[in-house]
Amino acid sequence: MSRLLPEWSWCGLTNVLVTADRLLAEHRPAGLRTRSLTAQSSWNGTDLQASLPALLSQLPASRWRRIEVYMADKHVHLLRLPAMTHSVQSLDVSGQEQQAYARAMLMQTYGEAARAWPFRLQDIQQPQDSLLVAIPALASLDISALLASHAMQWSVQPYASALWAQTRLPVSGTVLTAEPQMLRLLQLDHGRMIHVASLATEMADVDTMAAWLMRERTLLGVQASSCYWLLEPGCQAVEKTGRQLKQVLSGQVSWQVLLASRAVAPWRQELAHVA
């Protein structure tokens with residue numbers, strides 16, 4: 001197919017990025033000669049029930065073929081869930097024990113508030129460590145009912161894991177994923193996740209990111225492994241931060257840029273204001 005033609009899977013698609021304090025949307029209408037439309041709004045981080053419809057109302061339509069919502073920053077918690085023992089796993093036919101185990105780990109880490117947080121587990125073959133994703137912003141919201149009134153199809157997922165899914169990740173190494181107010185670290189070893197961590201920070205605070213990265217890698221004993229800066233196509237702000245971080249870490253880290261196969265969320269320099 002000619003490169004001049006858009007991907008058919010993107011026609012009639014609306015992407016929404018939920019950051020710490022703002023909502024960003026990009027809509028690609030059906031049709032070959034239509035341009036994408038963008039919208040953004042601020043929000044207090046607690047009332048997505050009202051803020052999301054208000055954002056979508058800025059776009060010139062009331063119903064779409066598909067809406068993809070990507071959660072970022074403080075709204076997503078990522079944990080490495082150690083594998084259950086083989087004896088317990090073999091008895092857990094329904095998966096209830098694993099769900100209870102995951103909930104207990106969340107509450108142990110974040111306290112009583114985590115009891116009501118919706119969470120997902122990475123779909124992997126047991127027994128092995130898995131990625132646990134919790135999204136507190138969805139705790140008091142029926143997101144399916146909300147999106148069903150706006151689109152025929154919809155999905156809600158963390159921005160970081162969505163970007164990982166669009167990338168050929170290295171077998172081993174440190175993968176860094178930047179969000180407007182969060183830096184994610186994923187440590188891989190022979191194809192397995194051995195560590196995941198997050199740092200709440202502004203993208204301009206490169207020195208803080210560098211110090212945190214070196215500390216995490218030292219504690220893990222992986223100083224000799226390569227470091228990969230994951231870049232979403234077209235995101236100039238993240239590209240700039242990566243260059244600055246590479247310069248600060250010059251001579252200390254083997255640095256490589258890892259490019260995702262396609263753009264995931266509507267995070268552009270002119271929208272995110274993190275240049």
Between [X] and [Y], what is the shortest heavy-atom contact and its length?
X: P170; Y: L258; value: CD-CD2, 3.8 Å
X: S198; Y: M182; value: CB-SD, 3.9 Å
X: G173; Y: Y228; value: CA-CE1, 4.1 Å
X: Q99; Y: L121; value: NE2-CD1, 3.9 Å
X: M214; Y: Q252; value: CE-OE1, 3.6 Å
X: R22; Y: W43; value: N-CD1, 3.4 Å

Spacing of [atom1] belonging to [X] relative to [atom2] belonging to [Y], to within rounding of 0.5 Å:
X: H195; Y: D129; atom1: NE2; atom2: CG; result: 12.5 Å
X: L56; Y: L146; atom1: CG; atom2: CG; result: 8.0 Å
X: I67; Y: H27; atom1: CD1; atom2: NE2; result: 9.5 Å
X: T201; Y: E179; atom1: OG1; atom2: CD; result: 12.0 Å
X: Q244; Y: T241; atom1: CD; atom2: OG1; result: 5.5 Å
X: L230; Y: L176; atom1: CG; atom2: CG; result: 9.0 Å

L169/L186 under side-chain contact (heavy atoms from CB on, under 4.5 Å): CA gap, chis, key distance, verdict: CA-CA 10 Å; L169 297 175; L186 177 68; 4.2 Å; yes
Checking the side chain of [X] only, and the main-chain atoms of [Y] only, is there a donor and an acceptor separated by less than 3.5 Å?
X: R217; Y: S225; result: yes
X: S51; Y: L48; result: no
X: H75; Y: T19; result: yes
X: E232; Y: A260; result: no
X: S172; Y: H190; result: yes
X: R184; Y: V196; result: no
X: R103; Y: A114; result: yes

L147 side chain near V156 side chain, heavy-atom distance below 4.5 Å: yes
pair S140-Q49: side-chain heavy atoms closer than 4.5 Å: no
Full working for side-chain contact (heavy atoms from CB on, under 4.5 Å) between D21 and D73: CA-CA 9 Å; D21 55 5; D73 294 339; 5.8 Å; no
Donor-acceptor side-chain pairing of Q187 and T174 below 3.5 angstrom: yes
Side-chain H-bond candidate by donor/acceptor type, Q166 with S261, under 3.5 Å: yes
Atom CZ of R243 with >12 non-hydrogen neighbours under 6.0 angstrom: yes
Neighbour count above 12 (heavy atom, 6.0 Å) for Q247 CD: no
Verdict with reasoning, M209 to V206, per side-chain contact (heavy atoms from CB on, under 4.5 Å): CA-CA 5 Å; M209 288 190 287; V206 177; 4.2 Å; yes
side-chain contact (heavy atoms from CB on, under 4.5 Å) between L185 and W212, worked out: CA-CA 10 Å; L185 181 153; W212 175 77; 3.6 Å; yes
Parallel, tilted or perpendicular: ring planes of Y110 versus H77, cut at 30 and 60 degrees: tilted
Cluster check L259, L163: I/L/V/M/F/W/Y, side chain < 4.5 angstrom: yes
